[in-house]
Novice: 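Dropping the structure in here first, questions after.
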Amino acid sequence: MGRSDRPASYIGRFAPSPTGPLHIGSLATAVASFLHARQNEGEWLVRMEDIDPPREVPGAASAILDALERFDLPWDRGVLYQSTRTEAYRSAAETLLRTNRAYRCSCTRALLRSQQTSTAGPEPYPGTCRTKQVHERSTATRVLTSSTPIRFHDLLQGEQSRSLEATSGDYVIFRRDGLPAYHLACVVDDAEQGITHVIRGVDLLESTAAHVHLQQTLALPTPSYGHLPVIVNDVGQKLSKRTGAKPLDLAKTSIVAFELLRQLGARPPSDLRGERPRTLWSWAVSHWDSGGLAGRFELQQPQENVAEHSRID
Ligand SMILES: [Zn+2]
């Protein structure tokens with residue numbers, strides 16, 4: 001898929017991983033990014049992040065697309081499947097290796113664990129293989145980080161600054177098993193698709209520092225980012241499969257869509273209750289200020305390390 005001939009001033013996207021059916025948390029991300037794109041008269045693309053076969057569930061990709069259709073969320077252009085893009089990711093990694101901005105790493109998980117100095121959680125990669133020339137076993141590829149903070153402005157969370165060296169250290173862009181890492185695939189494809197705006201869950205805020213870093217390293221443009229507060233359940237847990245979020249009831253899309261708008265902070269008039277999602281989205285495009293999401297929920301601190309996470313992108 002190439003870039004459009006006509007440069008759009010707004011191209012947004014929803015990029016789910018096919019690790020299960022769409023649940024209310026991922027639907028909220030889809031709806032918020034869709035409405036934000038439509039409010040800005042932009043395009044809205046769907047990208048299937050199917051680069052991690054061991055975690056994928058057969059049939060999940062088509063189930064997600066089916067759910068988006070049932071919720072009246074039509075995407076522009078064809079769906080981009082990341083499983084078809086391995087050569088582009090490999091080429092980007094090779095460029096970084098050739099120019100000494102990435103290196104091969106043969107550390108095993110067991111070795112990295114044994115080097116940990118605390119039990120508080122994953123520590124930044126200590127750079128063990130930065131200067132190693134010979135590797136006796138299969139390798140991952142890591143990109144070099146530095147002590148220079150990565151700064152970006154978030155549309156919903158304000159100014160951000162992160163030191164990757166202190167949080168993740170040099171992070172993996174190609175895994176030892178030969179699969180591309182999420183950060184690399186995401187950044188290469190955002191550039192390929194000409195994405196200008198990324199609206200996604202705040203659980204990915206830490207990943208965004210890595211994405212901005214990779215964009216700078218690969219000389220790719222940085223889109224505008226807005227990280228949505230995560231919708232939480234009654235006991236403050238993020239709604240996901242792990243915390244028991246039920247699959248969406250596709251027979252009740254009108255009710256689900258109406259409640260979802262309310263959870264996003266919109267106040268659809270009660271006479272719209274029972275209307276098709278399409279009608280609710282039209283109302284929201286002209287009546288709801290998505291910028292108001294910023295103060296809508298208490299910011300949930302991400303629990304996951306930048307290098308290892310499960311996600312809704
Ligand atoms: Zn290593």
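Ligands are counted one by one from 1 in listed order, and the atoms in each one are counted from 1 as well. For clarity, every value in this text was computed on a predicted model and none was experimentally measured.
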Novice: When the ring planes of Tyr10 and His197 are compared, do they come out parallel, tilted or perpendicular, using 30° and 60° as the limits?
Specialist: parallel

Novice: Could you tell me if Thr208 and His227 have a donor-acceptor pair between their side chains, going purely by distance under 3.5 Å?
Specialist: yes

Novice: Verify whether one side chain among Gln193 and Arg47 offers a donor that lies under 3.5 Å from an acceptor in the other.
Specialist: yes

Novice: Without hydrogens or angle criteria, can the side chains of His211 and Tyr225 be said to hold a donor-acceptor pair below 3.5 Å?
Specialist: no

Novice: Could you please tell me which protein N, O or S atoms lie under 2.8 Å from the Zn ion (ligand 1)?
Specialist: Cys105 SG, Cys107 SG, Tyr125 OH, Cys129 SG

Novice: Linking Ile, Leu, Val, Met, Phe, Trp and Tyr through side-chain heavy atoms less than 4.5 Å apart, which residues share a cluster with Tyr125?
Specialist: Tyr103, Leu112, Leu144

Novice: Do you know the tightest heavy-atom contact between Ser33 and Phe14?
Specialist: OG-CB, 4.2 Å

